[in-house]
Amino acid sequence: QQQVKQSPQSLIVQKGGISIINCAYENTAFDYFPWYQQFPGKGPALLIAIRPDVSEKKEGRFTISFNKSAKQFSLHIMDSQPGDSATYFCAASTRITGNQFYFGTGTSLTVIP
Amino acid sequence: EAGVTQSPTHLIKTRGQQVTLRCSPISGHTSVYWYQQALGLGLQFLLWYDEGEERNRGNFPPRFSGRQFPNYSSELNVNALELEDSALYLCASSSYGGISTDTQYFGPGTRLTVL
């Protein structure tokens with residue numbers, strides 16, 4: 001059973017456009033929602049994270065929007081660049097299960113120059 | 001600061017064999033996590049070690065096991081390899097354990113191919 005559902009599976013965006021990746025969850029005990037970026041041949045790297053007590057968090061061109069009532073959160077990449085081409089994973093965790101991260105299945109983003 | 005390191009980079013084994021993967025966490029980190037990244041399945045949680053103890057285990061059979069050493073490095077053992085064990089095995093570390101907001105830092109992974 002996939003605890004965190006991520007969409008789309010792949011995304012193609014023009015340079016300068018906005019990339020949007022969505023995730024949904026069911027477990028209301030989740031209290032930490034990180035996004036990871038993974039380049040080919042590398043391990044995932046933390047990009048940005050949010051807790052459910054805020055609805056939005058922005059770091060540079062990356063923004064997480066969080067909708068607690070809908071149990072959804074999304075990553076927005078503004079002014080997308082070819083260097084942003086990577087696989088993005090959302091995740092969720094709760095201290096109840098001892099810091100185990102539940103990951104989405106990933107979104108392969110391609111930014112076309 | 002050195003990141004999480006894993007060895008070997010690649011492994012090719014045949015069905016039924018056993019394999020050991022190794023991970024060294026970031027200096028000062030006491031928690032080590034193991035994940036399996038199979039094609040199309042995202043990252044699946046395998047094991048979590050903290051202060052030398054197994055703290056949590058994912059939904060994997062007992063032939064997946066591991067341990068954490070006094071220096072906080074860790075190894076993952078997989079016995080009786082099956083074809084579906086072919087995947088990228090990722091190790092991550094964090095500075096604490098049991099707190100959901102602990103940032104996990106990943107290593108580059110070990111690519112295991114089972115023939």
Side-chain angles (χ1 to χ4, degrees), chain A residues 1-10 21-25 27-54 57 59 64 66 86-108, chain B residues 1-7 9-10 21 23-26 29-51 53-60 87-111:
Chain A
Q1 181 187 2
Q2 193 70 28
Q3 296 257 3
V4 179
K5 296 182 179 179
Q6 184 173 346
S7 63
Q9 187 175 6
S10 63
I21 304 170
N22 301 299
C23 285
Y25 64 97
N27 188 347
T28 55
F30 286 145
D31 58 7
Y32 181 61
F33 302 88
W35 283 89
Y36 280 82
Q37 179 188 55
Q38 185 178 28
F39 293 104
K42 304 283 188 180
L46 180 68
L47 192 61
I48 187 172
I50 197 168
R51 295 198 63 172
D53 51 349
V54 297
K57 183 175 181 180
E59 290 184 3
I64 298 178
F66 187 83
T87 300
Y88 293 81
F89 293 94
C90 62
S93 68
T94 166
R95 64 178 65 90
I96 294 174
T97 54
N99 201 27
Q100 174 181 340
F101 276 22
Y102 296 89
F103 283 87
T105 51
T107 295
S108 177
Chain B
E1 178 184 277
V4 177
T5 60
Q6 292 186 245
S7 64
T9 306
H10 295 89
L21 312 180
C23 170
S24 291
I26 292 172
H29 285 187
T30 62
S31 279
V32 170
Y33 312 84
W34 287 95
Y35 292 87
Q36 182 193 66
Q37 186 175 22
L39 198 62
L41 291 180
L43 285 81
Q44 304 294 316
F45 170 74
L46 268 165
L47 291 158
W48 169 35
Y49 292 95
D50 182 58
E51 297 284 358
E53 300 285 333
E54 182 180 305
R55 301 296 185 183
N56 202 5
R57 182 182 181 85
N59 189 25
F60 280 84
L88 180 68
Y89 288 85
L90 290 160
C91 170
S93 73
S94 70
S95 56
Y96 303 103
I99 302 173
S100 62
T101 57
D102 294 341
T103 297
Q104 295 184 20
Y105 298 89
F106 283 83
T110 294
R111 172 72 63 185

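In what follows, every chain begins at residue 1, and chains take the letters A, B, ... in the order their sequences are listed. Every value quoted in this text rests on a predicted model; they were computed, and no experiment measured them.
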From CA spacing to verdict: ring pair (Phe, Tyr, Trp, His ring centres under 6.0 Å), A:F101, B:Y35: CA-CA 10 Å; A:F101 276 22; B:Y35 292 87; 7.2 Å; no
Please look at B:L90 and chain A and tell me whether the side chain, the backbone, both or neither of the residue comes under 4.5 angstrom of a heavy atom of that chain.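 Only the side chain of B:L90 comes within 4.5 Å of chain A.
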Heavy-atom contact with chain A under 4.5 Å, split by part of B:Q6: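 It is neither, since no heavy atom gets under 4.5 Å.
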Inspect the surroundings of CG in B:N59 and state if more than 12 heavy atoms from other residues, nucleotides or ligands are less than 6.0 Å away.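 It does not: B:N59 CG has 12 such atoms or fewer within range.
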Please tell me if the side chains of A:F89 and B:L43 come closer than 4.5 Å, counting only heavy atoms from C-beta onward.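 SC-SC contact between A:F89 and B:L43 confirmed.
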Pairwise side-chain contact, B:Q37 with A:F103, heavy-atom cut-off 4.5 Å (strictly under):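 A side-chain contact is absent here, since even the closest heavy-atom pair is not under 4.5 Å.
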Working to the nearest 0.5 angstrom, can you tell me the gap between B:F106 CZ and A:Q38 CD?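 Reported to 0.5 Å precision, the distance equals 8.5 Å.
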Side chain, backbone, both or neither of A:Y36 within contact of chain B (heavy atoms, under 4.5 Å):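 The answer is the side chain of A:Y36.
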Which bit of A:P34 is near chain B, if near means a heavy-atom gap under 4.5 Å: side chain, backbone, both or neither?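 The answer is neither part of A:P34.
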